[in-house]
Amino acid sequence: MTKSFIYTYNNFLKNFLKNNYSLEESVFKEVSNHINFFDMPKNSQHGDLSTNVAMMYSKKLNLNPRDLAQKIVNAFNDNKKELFIKKIEIAGPGFINFYLNPTIWQLSLRDILDNINDYGYEDVGQGERVNIEYVSANPTGPLHIGHCRGAVIGDVLASLYERMGYQVTREYYVNDAGGQINQLISSIRYKIKSFLSINTEEDVLIYNGEYIEIISKEILQKYSRAVIEDPDCDEIIRQYSIDYILKLIKNDLKKINIKHDVFYSEKSLLDSGEIPEAIQILKQKGFVYWGKLEQPINQENIDVIDREQELFKSTNFGDDIDRAISKADGTHTYFASDIAYHNNKIKRGFIKLINIWGADHAGYVARLKGSVKALTNNDASVEIILCQLVKLFRDNKPVKMSKRNNDYITIDEVVDEVGPDAIRFMMLFRKADAPLDFDFVKVCDKSKENPVFYVQYAHARIHSVFRNWNETNKKKFDEEISNMSSNFDLITDPNEIDIIKNMSYFPMVIRNALITNDIHKIAYYLHDLASEFHSLWNHGNDHSEMRFIIENKELTQQRLCLIYCVAGIIKSGMDILGVTCPESM
RNA sequence: GCACCCGUAGCUCAGCUGGAUAGAGUAGGUGGCUUCGAACCACUUGGUCGGGAGUUCGAAUCUCUCCGGGUGCGCCA
């Protein structure tokens, strides 16, 4: 794994600050942890690299920003040659602008090419285990397109962590116990009875999708009508339907290439006695007490029983109120089993936990984070990434998704129409905490407007250049490339240099995406890189000497290496996003 | 009522551990295929970064407040 040369500048700067100034501990830490102090200015008058570090730290070091800047400049100037610095200027209130010897870009291209398969990735995690939980939709029906967003975000985040040296477990929590499952069971019991025409008034149909009918028929077929008299009827239905629905869900996930390592069953947690065990830990630490909760505001239609109950002190961790862990009927709440579930993750050795949730669970964050802190004395952390809900439309008309009325936009529908790549990229081409409008008709009709094709097209165009070269040279470029020891001295055009600059920034993008958990930054970067490539291509249309394949064989080879790198970075970025990069389309 | 998220070009959105003239797609206008794939490119029109105040050398970015929209607020999961 190689880092961009920008890291060299960063480390030089960081060491300079650490070695020459007595930094307070907090400032020292801040300097150490800062990903990157260097920008590539949009305005070329501001040099090739610039930093505002002198202005950031002048106050903390009790110095005039321009004086601090001058000291930094002197330090860099002492190593001018090794750092390929042509000149450094201090501008405005204290910006430091670096003008670099152009050979740095040629060297950078060499570096990218030599490490093309893992350029930009570093071993940040050093084998640390991380548990990423995503989807975890109740097994009461198939997935719909709205579930996709969290699924894709979780899946991509897991890939990113893997690439950055973490040992990742991708997990799905199966809520196969509790009230909603009971509703599922009674819906199926209703359906079976209605097939037998023996419904009574007590029976209710709550979930009513096509799958309910299929499951009911299959159960009848397998167990005959005697099943309804069987004392274990509910258990038979429970097992059969959950198996069936889970199969549907796994099948849907497979269609958009979502992977999980572990499907963890809530029922197994119940049966294993881990819930009282986890609660006991909290009790011992004094986070559980008996008390009364106040009547919730504006929730008159909810029956609140006036009684003492077991509560978790989530207010200690910033929650609004303490939260119940047992119900009036003596059973545990969902929260209690979630505490036990996260305790189980911790028992399995994870101290870094990440959960992807829909924004409708935002109110649940404080109590869960609190419980994990309480369980582990703050040793383990759980990060919760909330993604805003997907608003679904069908030709501008909102679609209300409900497992109960069977008004779905299924994953099938969309995959069949536009394919998994388009769905995944669309879900990723927006930051997680912004709502996403998903219009089925628009997505299918205008699939070519999906930015995924723009990026894929750049990749395909590059490969078409190789196909051309292979044709005339009667050999394969990608097989030749390992023999090419070019120093890229002919790559000097500003348009070419710009694209090398952009590629040199890829490691910072990846690192930043990891630190902030913002996957969309990778998608935007790739779109931008593709744009620069398309521009370079058309530059060749306007100026024939700027085409990739030209008479000068040496220059042709160097240019092909350049675009080989562009394709390589697009490919490696798209791999993380789980989107394919065809060589022709 | 409380909490969280959002408010940036006509529309859909980037940019936010503060930085130099606010970016892209789309829509509107003008050009570019005898030559590596036009699913593309170049140029152009378009913005009180929701309003106001504060911190700062410097605010779309941080703080406060107000307005507008979304999502939650259960002994459901």
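Naming: A, B, ... by sequence-line order, numbering from 1 per chain.
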Residues [X] and [Y] bridged, charged N to O under 4.0 Å:
X: A:Lys442; Y: A:Glu449; value: no
X: A:Glu30; Y: A:Lys60; value: yes
X: A:Lys267; Y: A:Asp271; value: yes
X: A:Asp518; Y: A:Lys521; value: yes

G-U wobble or Watson-Crick pairing nucleotide for [N] (cut-off 3.5 Å, both distances):
N: B:C64; value: B:G52
N: B:G25; value: B:C11
N: B:C73; value: B:G1
N: B:C36; value: none
N: B:G18; value: none

Looking for any heavy atom pair under 4.0 Å, which part of the strands does [X] touch: base, sugar-phosphate only, or nothing?
X: A:Ser50; result: base
X: A:Tyr364; result: base
X: A:Asn52; result: base
X: A:Thr331; result: nothing
X: A:Lys442; result: nothing
X: A:Arg547; result: base
X: A:Pro435; result: sugar-phosphate
X: A:Ala362; result: nothing
X: A:Ala54; result: nothing
X: A:Trp469; result: nothing

Quick one: [X] [atom1] to [N] [atom2], roughly how many Å, whole number?
X: A:Asp329; N: B:G74; atom1: CG; atom2: C1'; value: 14 Å
X: A:Asn541; N: B:A42; atom1: CG; atom2: C1'; value: 11 Å
X: A:Tyr524; N: B:G15; atom1: OH; atom2: P; value: 7 Å
X: A:Ile325; N: B:G74; atom1: CD1; atom2: C1'; value: 16 Å
X: A:Asp320; N: B:G1; atom1: CG; atom2: P; value: 16 Å
X: A:Leu293; N: B:G74; atom1: CG; atom2: C1'; value: 10 Å
X: A:Phe37; N: B:G19; atom1: CZ; atom2: P; value: 14 Å
X: A:Met56; N: B:G18; atom1: CE; atom2: P; value: 6 Å

Would you say [N] has OP1 or OP2 under 4.0 Å from some side-chain N or O of [X]?
X: A:Lys431; N: B:A14; answer: yes
X: A:His520; N: B:G15; answer: yes
X: A:Ser535; N: B:A42; answer: yes

- Message: Is it the case that B:A14 (base atoms only) and A:Asp528 (side chain only) share a donor and an acceptor within less than 3.5 Å, ignoring hydrogens and angles?
- Response: no
- Query: Does A:Asp437 get its side chain close enough to the base of B:U12, under 3.5 Å, for a donor-acceptor pair?
  - Reply: no
- Query: Quick check: does any side chain N or O of A:Asn473 sit under 3.5 Å from a backbone N or O of A:Lys475, one acting as donor and the other as acceptor?
  - Reply: no
- Message: Check whether A:Asp322 reaches the backbone of A:Leu311 with its side chain - one donor and one acceptor, N or O, closer than 3.5 Å.
- Response: no
Interatomic distance at [atom1], [N] relative to [M], whole Å:
N: B:G72; M: B:A77; atom1: C1'; result: 14 Å
N: B:A22; M: B:U65; atom1: C1'; result: 25 Å
N: B:G1; M: B:A24; atom1: P; result: 42 Å
N: B:A38; M: B:G47; atom1: C1'; result: 31 Å
N: B:C16; M: B:G29; atom1: C1'; result: 34 Å
N: B:G58; M: B:A20; atom1: P; result: 15 Å
N: B:U8; M: B:G25; atom1: C1'; result: 15 Å

- Item | Short side-chain donor-acceptor distance under 3.5 Å, A:Asn517 and A:Glu383 | yes
- Message: If you define the side chain from C-beta out and look only at heavy atoms, does anything of A:Lys327 sit under 4.5 Å from A:His332?
- Response: no
- Task: Find out whether A:Met585 and A:His459 are in side-chain contact, i.e. whether some heavy atom of one side chain is under 4.5 Å from a heavy atom of the other.
- Result: no
- Scan residues 456-467 of chain A against RNA chain B and write down, sorted by residue number, each residue with any heavy atom closer than 4.0 Å; if none is found, say none. A:Tyr457, A:Ala460, A:Arg461, A:Ser464, A:Val465, A:Arg467
- Item | 5'-most by nearest nucleotide on RNA chain B - A:Gly92 or A:Phe548 | A:Gly92
- First of A:Asn33 and A:Leu436 reached from the 5' end of RNA chain B, by closest nucleotide: A:Leu436
- Item | Ring-on-base stacking B:A20 with A:His46 (under 5.5 Å, under 30°) | yes
- Message: Is there aromatic stacking of A:His534 on B:A39 here, judged by a ring-centre distance under 5.5 Å and a plane angle under 30°?
- Response: no
- Measure the spacing between OG of A:Ser371 and CG of A:Asp319 and express it to the nearest 0.5 Å. 10.5 Å
- What pairs of residues pass the side chain to side chain donor-acceptor pair (under 3.5 Å) test when at least one of them lies in residues 540-550 of chain A, not counting sequence neighbours? A:Asn538-A:Asn541
